[in-house]
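A short worksheet on the structure shown next.
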Amino acid sequence: MEIKSEIACFGGMQGVYSHTSKACGGEMTFGLFLPEEAKLGPVPVLWYLSGLTCTHENAMTKAGAQAWAAEEGIALVFPDTSPRGAEVADDDAYDLGQGAGFYVNATQDPWVPHFRMWDYVADELPHLLGNEFAVDLQRQSITGHSMGGHGALTLAMARPEQYRSVSAFSPICNPTGSDWGCKQLTAYLGPDKSAWEIHDASQQMLDKGFNGPVLVDTGTKDPFLDLLKPETLAFSMAKRRQQGHLRLQPGYDHSYFFVSTFIEDHINFHSEALHAE
């Protein structure tokens with residue numbers, strides 16, 4: 001692992017690190033905020049998965065999350081959204097390839113050698129953090145924005161033993177029924193739609209739900225509402241009688257102005273679960 005930078009931040013440390021990833025077959029970069037409490041021992045972990053076109057840097061610099069995480073004594077992890085590099089497959093479209101990993105393990109060429117973001121986020125990067133930093137992997141929660149909200153919800157429902165709580169900002173709720181999903185899932189996983197279901201939050205909410213609290217915020221002025229399909233997740237949560245809150249925030253859009261407005265709510269929400277005995 002290589003230290004790219006470590007900068008004092010709200011009494012703790014905001015670092016950026018790179019390492020060789022077996023899951024993604026190359027170099028990966030991530031951001032990690034450690035609160036002051038990490039100097040004394042392991043602290044709980046909140047994962048933040050970013051959206052289309054983003055890197056580890058977007059939420060790290062725009063969400064304003066560190067101030068609230070420092071108050072709650074929580075580490076924040078900002079993974080990249082895909083593998084990168086000249087040898088990594090890409091596409092001219094912004095919503096496929098580098099910057100658009102969709103948090104799946106690809107099974108189709110040319111994506112299969114590198115696009116294993118599910119394994120990277122759920123297994124490989126936690127293992128690395130546990131070995132290198134003062135984090136408590138028995139206390140993990142997960143959140144994300146847009147494509148990252150899709151990833152957070154689907155990972156949490158597939159790994160309920162791993163995450164104590166899940167939240168999302170403007171998540172892609174029904175990718176199997178959206179142009180933000182069908183194209184990418186076909187490319188990465190092939191045409192058999194049965195392989196897509198584990199990556200559809202609305203379907204997984206109907207089939208499995210989540211054994212813990214759920215919080216989802218979406219803005220009513222989000223220009224991508226027809227692609228996000230929050231109504232499908234609302235239906236699934238209501239039908240399953242899932243513990244949680246799905247909030248439509250009046251006047252807010254899809255930007256980091258929206259995320260930064262409600263990030264305090266989300267960190268406080270996760271803090272309650274992470275610090276519970």
Side-chain angles (χ1 to χ4, degrees), residues 1-2 4 16-31 47-60 77-129 142 144-155 158-159 168 170-201 203-204 224 227-228 254:
M1 190 185 72
E2 179 183 349
K4 296 290 190 180
V16 176
Y17 309 90
S18 66
H19 69 107
T20 300
S21 166
K22 291 184 179 179
C24 295
E27 199 78 1
M28 294 292 289
T29 301
F30 65 93
W47 295 83
Y48 186 104
L49 306 185
S50 290
L52 287 168
T53 75
C54 292
T55 69
H56 68 281
E57 195 173 24
N58 292 72
M60 188 180 80
V77 190
F78 305 99
D80 203 345
T81 54
S82 77
R84 298 179 190 273
E87 75 286 357
V88 176
D90 201 5
D91 190 271
D92 290 338
Y94 76 95
D95 57 355
L96 183 66
Q98 296 186 37
F102 265 77
Y103 303 100
V104 305
N105 287 339
T107 60
Q108 306 296 306
D109 290 330
W111 314 106
V112 68
H114 299 284
F115 281 74
R116 299 189 64 81
M117 290 301 295
W118 180 282
D119 284 352
Y120 179 70
V121 170
D123 295 316
E124 185 178 35
L125 191 50
H127 182 74
L128 175 67
L129 295 183
I142 192 166
H145 174 229
S146 194
M147 178 186 72
H150 137 80
L153 290 166
T154 54
L155 278 161
R159 300 284 191 98
S170 307
I172 301 171
C173 297
N174 181 215
T176 64
S178 169
D179 287 343
W180 270 1
C182 289
K183 169 187 172 180
Q184 294 83 0
L185 296 177
T186 300
Y188 294 139
L189 303 177
D192 182 1
K193 292 187 178 181
S194 65
W196 303 2
E197 291 182 1
I198 193 174
H199 300 294
D200 188 301
Q203 185 62 51
Q204 288 304 296
F224 307 114
L227 295 167
L228 302 174
H254 199 75

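All heavy atoms count here, side chains included; hydrogens, waters and symmetry mates do not.
- Applying the side-chain contact (heavy atoms from CB on, under 4.5 Å) test to E2 and every residue at least two apart in sequence or in another chain returns K4, S18.
- Evaluation of the ring pair (Phe, Tyr, Trp, His ring centres under 6.0 Å) rule for W118 yields H199 as partners, not counting sequence neighbours.
- Residues passing the ring pair (Phe, Tyr, Trp, His ring centres under 6.0 Å) test with F30 are Y17, H19, sequence neighbours excluded.
- Annotation: side-chain hydrogen bond (donor to acceptor under 3.5 Å, both in side chains) contacts of E124 (sequence neighbours excluded): S21.
- Looking at residues two or more places apart in sequence or on another chain, you find a ring pair (Phe, Tyr, Trp, His ring centres under 6.0 Å) between H150 and F102.
- By the salt bridge (charged side-chain N to carboxylate O under 4.0 Å, His left out) test, D200 is found to be paired with no residue, residues two or more places apart in sequence or in another chain being considered.
- For W180, the side-chain hydrogen bond (donor to acceptor under 3.5 Å, both in side chains) partners at least two apart in sequence or on another chain are Y94.
- Residue pairs meeting the side-chain hydrogen bond (donor to acceptor under 3.5 Å, both in side chains) criterion with at least one partner in residues 50-60, sequence neighbours excluded, do not occur; the list is empty.
- For D123, the salt bridge (charged side-chain N to carboxylate O under 4.0 Å, His left out) partners two or more places apart in sequence, or in a different chain, are R159.
- Under the side-chain hydrogen bond (donor to acceptor under 3.5 Å, both in side chains) criterion, D192 pairs with S194, sequence neighbours left out.
- Contacts of D119 classified as salt bridge (charged side-chain N to carboxylate O under 4.0 Å, His left out), with partners at least two apart in sequence or in another chain: R116.
- A195 is linked by a side-chain contact (heavy atoms from CB on, under 4.5 Å) to nothing, counting only residues two or more places apart in sequence or in another chain.
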